[in-house]
2 protein chains.
Amino acid sequence: MTKAERTRHFIVEKAAPIINRKGMAGTSINDIVEATSLTKGSVYGNFESKDEICLEAFDYLVKRVGADMSQAMSRGTTSREKLDALFSYYISNVTGENNYGCPIMNFGTEADDTNPAVKVKVNKAIVNTQSVFAKIIRAGIESGEFKKTVDADAFAIKAFAMIEGGMWIARLQGSPKQLLLIIDVLKQEINDYCQ
Amino acid sequence: MTKAERTRHFIVEKAAPIINRKGMAGTSINDIVEATSLTKGSVYGNFESKDEICLEAFDYLVKRVGADMSQAMSRGTTSREKLDALFSYYISNVTGENNYGCPIMNFGTEADDTNPAVKVKVNKAIVNTQSVFAKIIRAGIESGEFKKTVDADAFAIKAFAMIEGGMWIARLQGSPKQLLLIIDVLKQEINDYCQ
DNA sequence: ACTAAAATATACCGATCGGTATAAAATAAA
DNA sequence: TTTATTTTATACCGATCGGTATATTTTAGT
């Protein structure tokens with residue numbers, strides 16, 4: 001890893017949480033300069049534009065969320081336990097201190113009408129996340145844990161929308177109350193899936 | 001209504017869809033000047049700051065959405081029909097041409113970490129919208145249309161999260177497919193509420 | 001240690017940002 | 001219609017925006 005590669009990564013690491021919090025338009029190069037204690041020349045020596053930083057910041061955040069989700073899932077053995085672990089991760093993601101919301105939600109809402117490149121990345125992240133849910137359900141069906149009649153894709157779409165909506169509300173209200181209710185509903189539904 | 005009041009309203013009317021689409025940070029005063037064909041001096045003769053315009057724009061958008069929801073609901077007689085009409089409104093909101101997403105979602109996501117005043121307004125809008133759902137359910141229970149065991153508040157929270165999540169996904173994907181699935185799930189659930 | 005190459009810092013660019021002082025024009029009360 | 005008041009347009013403010021040319025420093029291969 002060359003110096004430049006390390007610096008690039010360092011800049012992304014510092015910039016990502018700021019962009020996730022303040023938005024792409026709301027974050028200035030100066031914000032990034034201050035956060036990294038570098039200079040503008042140094043930042044632009046490693047990146048071509050602010051847009052490139054935003055794109056890599058989104059990739060970085062999504063990768064980190066994905067890693068956290070995998071780690072959470074690995075704590076469960078059965079499909080149901082894996083789903084429970086995922087739910088717990090989402091809840092901790094809202095109740096934890098240094099968290100600024102789901103990057104897929106934050107970048108997606110801003111990029112929707114303004115940044116096609118980011119929009120494409122967000123769409124891929126949505127599909128990936130939903131397929132994580134669907135794969136767990138399918139594994140549970142194959143192992144005999146869940147009924148064969150369960151629609152894995154439909155559950156994934158529904159659960160993802162509910163959780164994203166619930167996290168968004170929880171962050172805005174400064175309370176996990178509604179997210180907890182939504183997670184309870186999902187757990188009850190998974191309970192009904194069991195045979 | 002004085003000239004100033006009319007102009008204020010005119011500015012908000014023109015600025016609101018732009019801010020809803022590009023975000024508060026992403027919209028410049030010049031954008032508003034161009035959209036209104038007024039001058040900067042005229043805009044600042046009627047508003048103290050860009051922030052004030054954003055706040056009024058949000059109020060305007062929420063009021064309009066509320067009116068559209070009321071109009072949709074009035075097309076139904078039973079509680080179930082009213083809910084169906086609401087769902088249809090949300091779907092048309094996504095499939096329609098000149099639409100740029102739910103203002104509660106757009107303003108909420110941006111304001112969450114950057115604009116406390118807007119955040120307060122967004123929270124009130126969330127509570128109001130959820131109470132619309134809850135009230136319909138409660139009316140249905142009182143009229144004997146729905147079972148007494150139905151939890152109106154829980155349904156409102158769940159349905160709102162699902163719909164907001166579903167609309168967000170639909171706009172990002174450029175397809176109402178997942179929202180339609182989510183609405184179907186809700187309709188099925190309401191069907192189960194009937195006795 | 002020497003040196004070519006890579007990375008960083010300084011200083012600056014024009015454009016645009018939100019906002020304002022002031023003059024010109026339009027409104028509204030008399 | 002006159003006149004005081006309100007509203008609008010012009011021209012400008014300093015600050016900050018994203019971005020760059022260039023000089024200086026640091027890195028890394030020999």
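Just so you know, these numbers come straight off a predicted model, no measurement behind them. Lettering follows sequence order; numbering is per chain, from 1.
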Residue A/Thr2, side-chain heavy atoms: nucleotide from C/dA9, C/dA7, D/dT20 that is nearest: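 Nucleotide nearest to A/Thr2's side chain: C/dA7.
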
Electrostatic pair A/Lys119-A/Asp112, nearest N-O below 4.0 angstrom: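 A salt bridge is present here (some side-chain N lies under 4.0 Å from a carboxylate O).
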
Sugar-phosphate, base or nothing in reach of B/Arg8, heavy atoms under 4.0 Å: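 B/Arg8: no heavy atom of the nucleic acid under 4.0 Å.
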
Side-chain N,O (A/Ser28) to OP1/OP2 (D/dC17) below 4.0 Å: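 Indeed, a polar side-chain atom of A/Ser28 lies that close.
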
Nucleotide D/dC17, atom C1' - distance to CG of B/Asn30 in whole Å: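 Going from CG in B/Asn30 over to C1' in D/dC17 covers 14 Å.
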
Nearest-angstrom distance from the residue atom CD1 of A/Ile32 to P of D/dG19: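 About 10 Å, once rounded to whole Å.
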
Contact under 4.0 Å: A/Lys3 side-chain N or O vs C/dA6 OP1/OP2: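 Negative; the distance criterion is not met.
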
Options D/dC17, C/dT8, D/dT8, nucleotide nearest the side-chain atoms of B/Asn46: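 The closest nucleotide is D/dT8.
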
Nucleotide nearest B/Thr7 when distance is taken to its side chain, options C/dA9, C/dG19, D/dT8: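 Selected nucleotide (nearest to the side chain): D/dT8.
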
Sugar-phosphate, base or nothing in reach of B/Thr27, heavy atoms under 4.0 Å: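 The residue B/Thr27 makes sugar-phosphate contact but no base contact.
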
Interatomic distance, A/Ile11 CD1 vs C/dA9 P [rounded to whole Å]: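 After rounding, the gap between these two atoms is 10 Å.
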
Interatomic distance where CD1 belongs to B/Ile29 and P belongs to D/dC13 [whole Å]: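 Taking atom P of D/dC13 as the reference, CD1 of B/Ile29 is at 20 Å.
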
Per A/Lys40 side chain, nearest of listed nucleotides D/dT20, D/dT10, C/dG19: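 Nearest to the side-chain atoms of A/Lys40, counting from C-beta on, is D/dT20.
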
Nearest-angstrom distance from the residue atom CE of B/Met24 to C1' of C/dC17: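 These atoms are roughly 17 Å apart.
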
Passing option when A/Phe155 is tested against A/Phe160, A/Phe146, A/Phe133 for side-chain contact (heavy atoms from CB on, under 4.5 Å):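 One option only clears the test, and that one is A/Phe133.
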
Spacing of CD1 belonging to A/Ile163 relative to CE belonging to A/Met105, to within rounding of 0.5 Å: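 Taking CD1 in A/Ile163 and CE in A/Met105, the distance rounds to 11.5 Å.
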
Any A/Tyr44 side-chain nitrogen or oxygen under 4.0 Å from OP1 or OP2 of D/dT20: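 For A/Tyr44, the contact criterion (side-chain N or O under 4.0 Å from OP1 or OP2 of D/dT20) is not met.
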
Distance, rounded to the nearest Å, where A/Glu5 contributes CD and C/dA6 contributes P: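 Rounded to the whole Å, the gap is 13 Å.
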
Out of D/dA28, D/dA9, C/dG18, whichever nucleotide has its closest atom nearest the side chain of B/Lys50: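 My answer, after comparing the listed nucleotides, is C/dG18.
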
Distance, rounded to the nearest Å, where A/Glu48 contributes CD and D/dG19 contributes C1':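 For the pair A/Glu48 CD and D/dG19 C1', the rounded distance is 12 Å.
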
B/Glu145 (side chain) donor-acceptor with B/Thr78 (main chain) under 3.5 angstrom: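 Pair absent, no side-chain N/O of B/Glu145 close to backbone of B/Thr78.
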
Heavy-atom side-chain proximity of B/Asn20 to B/Phe107 below 4.5 angstrom: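 Touching, per the 4.5 Å side-chain cut-off.
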
Candidates C/dA7, D/dA9, D/dA28 - which lies nearest the side chain of A/Ala4: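 Comparing C/dA7, D/dA9, D/dA28 against the side chain of A/Ala4, the answer is C/dA7.
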
Sugar-phosphate, base or nothing in reach of B/Thr39, heavy atoms under 4.0 Å: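 Here B/Thr39 touches the bases of the nucleic acid.
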
Whole-Å gap separating C1' (D/dC17) and NZ (A/Lys22):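 Going from A/Lys22 (NZ) to D/dC17 (C1'), I get 13 Å.
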
